[in-house]
Amino acid sequence: EAKAEGRNEIRQYSGELVAKVSSHLSIQGDLRRALDNNEFQLYYQPKISTHDQSVCGFEALVRWFHPVKGMVPPDQFISVAEDTGQIVELGTWVLETACEQAKLWLDEGLVTAKMAVNVAARQFKEKNIIDLVRKVLKRTGLPASSLELEMTEGVLMADPNISNIVAVLRSEGVSIALDDFGTGYSSLSYITRFPIDTIKIDRCFVQDITLGSDKAAIVSAVTNLSHTLNFNVVAEGVESEEELEVIKALECDEVQGYYYCRPMSADDVTEWLKNRQAQPVSVISAN
Ligand code: C2E
Ligand code: MG
Ligand code: MG
Ligand code: MG
């Protein structure tokens with residue numbers, strides 16, 4: 001009976017594997033077509049200062065508008081694109097498009113804040129990312145000081161050479177943010193070893209945070225050490241006023257989350273920025 005059970009498990013497991021591989025293959029083929037047909041679009045989500053509610057930056061987040069499936073969220077295709085290497089082509093498009101958009105907003109006087117772009121490990125391995133960033137900044141005319149690259153701890157850990165690359169980019173004025181902090185290999189001492197500008201505390205610590213909780217203790221420790229090291233601290237995924245109040249009390253510098261804004265298309269951001277400009281700061285409400 002044990003054997004039969006084992007066989008069942010194997011059958012079930014291989015069934016899942018087949019499903020996974022075939023969905024992987026279909027996404028891979030779909031991605032090829034999507035890259036050729038420009039089915040991607042960037043959305044942008046603002047980061048808001050906890051000190052004065054000003055817009056401190058935007059994060060570019062890729063969206064896939066699939067002709068049949070509709071909008072496919074990045075969680076469903078970024079990891080496939082990383083496995084296949086297609087992330088290199090997609091990531092280059094994301095960087096160019098985000099820098100182009102940031103320059104437009106800068107020229108219109110709508111934004112002075114940084115544009116943040118997510119970068120995957122594979123982009124460091126397969127492309128000279130320093131040259132790519134230089135080329136894109138030159139072509140779009142965006143100042144290096146207006147660009148921030150977001151990477152997870154996994155990316156920084158992947159290869160010791162990455163911290164050298166990061167140091168070169170920073171010396172040229174580009175900022176570096178450590179994304180999803182707390183979900184990876186992180187220990188507090190670990191962050192002292194990397195040359196970065198910003199720590200983004202992962203949403204899992206922010207969700208339902210209350211004063212005096214374990215989450216609050218962690219956020220407070222990370223924030224204090226970050227400030228000692230001169231890092232800027234962003235809380236990701238703030239959805240409620242209650243969370244915002246705790247995050248403020250713990251002295252995080254910026255928040256990003258649905259409480260203020262969901263990621264928006266470039267046109268919607270432009271409108272949102274113009275409305276904000278037209279209002280005195282005190283009456284800006286969350287939407
Ligand atoms: P991330 O870089 O940590 O981006 C933040 C994610 O949190 C985004 O999900 C954003 O929409 C979501 N978010 C923001 N505020 C809230 C909130 O209040 N509540 C909740 N529940 N979620 C919130 P999104 O856009 O689905 O992206 C997911 C992940 O996909 C990103 O996580 C990033 O790792 C990856 N990704 C997105 N765009 C790119 C890209 O252009 N290149 C690469 N390499 N990865 C990307
Ligand atoms: Mg990010
Ligand atoms: Mg994140
Ligand atoms: Mg994430």
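Order of listing sets the numbers, starting from 1, for every ligand and every atom in it. Keep in mind that the numbers below use all heavy atoms, side chains included, and drop hydrogens, waters and symmetry copies.
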Can you list the atoms of ligand 1 that are under 4.0 Å from a heavy atom of [X]?
| X | answer |
| --- | --- |
| Asp180 | 3 (O) |
| Glu236 | 3 (O), 5 (C) |
| Pro74 | 24 (P), 25 (O), 26 (O), 27 (O), 28 (C), 30 (O), 37 (C) |
| Val238 | 18 (O) |

Part of [X] with heavy atoms under 4.0 Å of ligand 1, whether side chain, backbone, both or neither:
| X | value |
| --- | --- |
| Lys200 | neither |
| Pro73 | neither |
| Val62 | both |
| Arg203 | side chain |
| Asn118 | both |

Any side-chain heavy-atom pair from [X] and [Y] closer than 4.5 angstrom?
| X | Y | result |
| --- | --- | --- |
| Ile201 | Ile247 | no |
| Tyr44 | Gln101 | yes |
| Val117 | Glu150 | no |
| Asn164 | Val168 | no |
| Asp180 | Glu236 | yes |

Counting only N and O atoms by type, is there a donor-acceptor contact under 3.5 Å from the side chain of [X] to the main-chain atoms of [Y]?
| X | Y | value |
| --- | --- | --- |
| Lys47 | Val55 | no |
| Arg63 | Tyr43 | no |
| Lys200 | Val233 | no |

Query raised in the report: Should the pair Phe77 and Trp64 be assigned to parallel (<30°), tilted (30 to 60°) or perpendicular (>60°) ring geometry?
Result: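 If you compare the ring of Phe77 with that of Trp64, the planes turn out perpendicular.
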
Requested in this report: Mind telling me whether Trp105 and Phe58 have parallel, tilted or perpendicular rings, with 30° and 60° as the class edges?
Outcome: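 Tilted.
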
Query raised in the report: Does Arg63 have a non-hydrogen atom less than 4.0 Å from ligand 1?
Result: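 Distance cut 4.0 Å: Arg63 passes for ligand 1.
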
Report task. Compute the minimum heavy-atom distance from Gly91 to ligand 1 and say whether it is under 4.0 Å. Result ->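 No; Gly91 lies far enough from ligand 1 that no heavy-atom distance drops under 4.0 Å.
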
Quick test of your reading of the structure: of [options], whose heavy atom lies closest to [atom]?
| atom | options | answer |
| --- | --- | --- |
| atom 12 (C) of ligand 1 | Trp93, Phe181, Tyr258 | Tyr258 |
| atom 1 (P) of ligand 1 | Val117, Leu95, Asp75, Asp179 | Asp179 |
| atom 20 (C) of ligand 1 | Gln76, Glu239, Glu82 | Glu239 |

Requested in this report: Report, as yes or no, whether the 6.0 Å neighbourhood of atom CD on Glu251 holds more than 12 heavy atoms from other residues, nucleotides or ligands.
Outcome: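 Incorrect, the count does not exceed 12.
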
Query - Over all atoms of both residues, closest heavy-atom pair of Lys103 and Leu142 - result: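 Looking at all heavy atoms of both residues, the shortest contact is N-CD1, 3.7 Å.
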
Query raised in the report: Does any N or O atom in Gln123 lie less than 3.5 angstrom from one in ligand 1, N or O only?
Result: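 Min N/O separation from ligand 1 is not below 3.5 Å for Gln123.
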
**Report entry** Polar atom proximity, Gln256 to ligand 1 (N or O, under 3.5 Å)
**Finding:**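 No; the residue has no nitrogen or oxygen that sits under 3.5 Å from a nitrogen or oxygen of the ligand.
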
Requested in this report: Looking at Glu59, pick out the N, O or S atom nearest to the Mg ion (ligand 2) and give its name.
Outcome: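 That would be atom OE2.
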
Query - Atom of Glu236 nearest the Mg ion (ligand 3) (restricted to N/O/S, atom name only) - result: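 For Glu236, the N/O/S atom sitting closest to the Mg ion (ligand 3) is OE2.
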
Query - Atom name in Asp180, limited to N/O/S, at shortest distance from the Mg ion (ligand 3) - result: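 Relative to the Mg ion (ligand 3), the closest nitrogen, oxygen or sulfur of Asp180 carries the name OD1.
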
Requested in this report: Look at Asp179 and state whether any of its N, O or S atoms is less than 2.8 Å from the Mg ion (ligand 2).
Outcome: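 It does; at least one qualifying atom falls short of 2.8 Å.
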
Query raised in the report: Can you tell me if an N/O/S atom from Glu150 lies under 2.8 Å from the Mg ion (ligand 2)?
Result: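 Short answer: yes, at least one N, O or S atom is under the cut-off.
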
Requested in this report: Would you mind checking if Glu239 and Arg203 are paired as a salt bridge, meaning a charged N to carboxylate O distance below 4.0 Å?
Outcome: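 Answer for the salt bridge query: yes.
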
